[in-house]
Protein chains: 2
Amino acid sequence: MIQKLQIQFDIDPELYSKNPDSSKLGRKIISNSISMINEMGFEDFTFKKLGLAINSPESSIYRYFVNKHMLLIYLTSWYWTWTEYRLAFATTNVASPLDRLDSAIDLLTQPVLIDDDISYVNEIMLSKIIFSESIKAYHTKDVDEENKKGCFKAYKSVVNRVGAIVLEINPDFKYPHMLISTVIEGAHQQKYFSEHLPELTDLTNEQNAITKFYKELVFSYLK
Amino acid sequence: MIQKLQIQFDIDPELYSKNPDSSKLGRKIISNSISMINEMGFEDFTFKKLGLAINSPESSIYRYFVNKHMLLIYLTSWYWTWTEYRLAFATTNVASPLDRLDSAIDLLTQPVLIDDDISYVNEIMLSKIIFSESIKAYHTKDVDEENKKGCFKAYKSVVNRVGAIVLEINPDFKYPHMLISTVIEGAHQQKYFSEHLPELTDLTNEQNAITKFYKELVFSYLK
DNA sequence: GCAAATATACTAGTATTACTATCGTTTATG
DNA sequence: CATAAACGATAGTAATACTAGTATATTTGC
């Protein structure tokens with residue numbers, strides 16, 4: 001029998017009170033919160049509703065995360081840790097940095113379409129959450145504190161890794177991090193705009209217009 | 001005696017319950033909310049606190065705005081209406097579309113530094129709010145409804161106007177709105193990152209790195 | 001296989017937020 | 001100067017975001 005390899009990440013213990021990966025309830029919290037946030041949006045999602053859905057009291061969920069905001073940070077960290085793994089996989093053994101950057105932009109600007117993991121984390125839904133809600137993870141009054149605790153380490157690491165490819169292509173380039181964070185955040189926003197404020201984008205019939213736009217933008221700048 | 005011209009905008013009546021510009025209390029609500037949101041951030045700002053600050057009961061503020069979110073939308077609309085006016089002023093009688101786009105990017109990527117209006121709206125503080133909090137005006141579960149009501153008309157109009165300059169430079173360009181909304185939102189975010197998550201940017205000693213970055217990005221793409 | 005530790009369930013309760021309602025008084029305006 | 005509109009004062013509600021305490025399972029270590 002073929003056993004699919006289950007990806008295991010060590011998420012920084014600062015991000016939770018009790019490791020959700022260490023118990024049945026914890027895993028239920030993660031998988032159900034992903035589908036619930038996806039359905040109703042982060043604002044309408046509450047620990048009370050989650051508790052109802054998994055038949056556990058609110059107070060039990062608080063043992064894992066001090067609040068729903070830390071849960072969102074946990075989910076985003078999981079996503080970026082996983083994405084760095086995907087990036088490494090997609091770019092090793094590719095000699096040309098231009099090709100590697102091209103693959104990286106594909107990964108960063110498109111939501112996940114297939115869930116090839118068999119864990120309790122649905123990666124398609126998680127990536128949707130990242131595209132539509134991740135900005136709420138760091139755009140709050142507590143950013144500085146949370147940043148000190150390392151809440152955004154995984155995201156910064158991804159930006160760094162792709163920024164390094166940019167520097168391989170053009171070692172004198174002054175703004176590698178700005179460029180990559182503009183692409184990532186821009187792609188998330190353009191996707192959101194296309195669904196809710198289409199006048200701020202340019203919807204066409206072509207597939208992957210957002211990816212195409214950011215590739216042209218990046219490569220014309222780097223040449 | 002020289003009387004400075006006071007700029008008057010008609011803000012869409014859909015955005016308020018009672019026009020704050022029509023009464024003393026209304027103007028106090030606007031000017032005090034701008035300084036309070038600036039000081040404590042939008043999340044910590046409440047109508048109760050505002051009421052205390054201006055010595056009026058919460059319930060009186062609700063007569064002007066159904067909630068604090070609509071007040072934020074009012075403020076952003078005011079800003080974008082004013083910015084379109086500034087754009088028009090900065091670009092009329094400039095023949096070259098390249099020069100006009102250059103001026104437009106200056107306006108869109110830099111916070112306001114001088115308040116030359118003598119009204120109850122402090123434009124320096126308002127522009128700071130736009131840079132740091134405006135994303136919260138449209139990144140909510142109620143976007144679609146609010147969009148239908150016209151809450152984001154002023155913003156879309158600015159994106160359109162600058163997008164039109166892009167098309168003058170390159171009539172075949174496919175993504176004028178994407179490009180401009182990327183610049184605007186990107187500049188806001190990079191400013192925020194530089195203050196809270198500097199690893200996502202490239203802070204240098206140079207002045208106006210963000211403006212420089214987006215100008216290079218845009219003009220290299222359009223050529 | 002059983003005691004000790006740990007995890008979870010159940011219930012209750014608090015502070016704050018985001019409103020809504022009512023009514024009396026002040027202020028503007030024709 | 002009457003009358004409508006605006007504002008102030010007070011009270012109250014539902015929901016959210018927690019915290020506390022105690023009872024009951026479940027795991028684990030010997």
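By convention in this document, chain letters (A, B, ...) are assigned in the order of the sequence lines, proteins followed by strands, and residues within each chain are numbered from 1. Values below: every heavy atom of this structure, side chains too, minus hydrogens, waters and symmetry copies. Everything numeric in this text was worked out from a predicted model, so none of it was measured.
- Residue contacts for Ser56(A): at a heavy-atom cut-off of 4.0 Å it reaches the sugar-phosphate backbone alone, with no base atom in range.
- For the pair Ile29(B) CD1 and dA6(D) P, the computed distance is 13 Å after rounding to whole Å.
- Residue Lys48(B) places no side-chain N or O under 4.0 Å from the OP1 or OP2 atom of dT16(C).
- Of the side-chain N and O atoms in Tyr64(B), none sit less than 4.0 angstrom from OP1 or OP2 of dA6(D).
- Of the N and O atoms on the side chains of Ser194(A) and Thr201(A), not one donor lies less than 3.5 Å from an acceptor on the other residue.
- One cannot find a donor-acceptor pair under 3.5 Å joining the base of dC7(D) and the side-chain atoms of Ser23(B).
- Atom-to-atom, CD of Glu43(A) to P of dA15(D) comes out at 18 Å; the value is rounded to the nearest Å.
- With rounding to whole Å, Ile54(A) atom CD1 is found 10 Å from dT8(C) atom P.
- Residue Tyr62(B) is in base contact, counting any heavy-atom pair closer than 4.0 Å across all strands shown.
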Stepwise ring-ring contact (aromatic ring centres under 6.0 Å, His included) check, Tyr175(A) with Phe213(B) | CA-CA 7 Å; Tyr175(A) 314 111; Phe213(B) 168 77; 5.5 Å; yes
Intermediate values then yes/no, salt bridge (Lys or Arg N to Asp or Glu O under 4.0 Å), Lys149(B) and Asp12(B) = CA-CA 10 Å; Lys149(B) 282 206 314 191; Asp12(B) 190 336; over 6 Å; no
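- Atom-to-atom, CG of Leu25(B) to C1' of dT26(C) comes out at 13 Å; the value is rounded to the nearest Å.
- Look at CG on Asp44(A): it is 8 Å from P on dT16(D), rounded to the nearest Å.
- Applying the 4.0 Å criterion to OP1 and OP2 of dT17(C), one finds that Thr46(B) has every side-chain N and O outside that range.
- Relative orientation of the Tyr192(B) and His139(A) rings is parallel, given thresholds of 30° and 60° on the angle between their planes.
- Atom-to-atom, NZ of Lys49(B) to C1' of dT16(C) comes out at 10 Å; the value is rounded to the nearest Å.
- Comparing Lys28(A) and Glu58(A) by the nucleotide of DNA chain C that holds the closest heavy atom to each, the one mapping nearer the 5' end is Lys28(A).
- To the nearest angstrom, P of dT20(C) lies 14 Å from CD1 of Ile61(B).
- With rounding to whole Å, Tyr16(A) atom OH is found 13 Å from dA7(C) atom P.
- The side-chain tip of Lys68(B) points at the ring of Phe42(B) from less than 6.0 angstrom away and within 45° of straight on.
- Each of Arg63(B) and Lys68(B) lies near DNA chain C, and the nucleotide nearest Lys68(B) is the one positioned closer to the 5' end.
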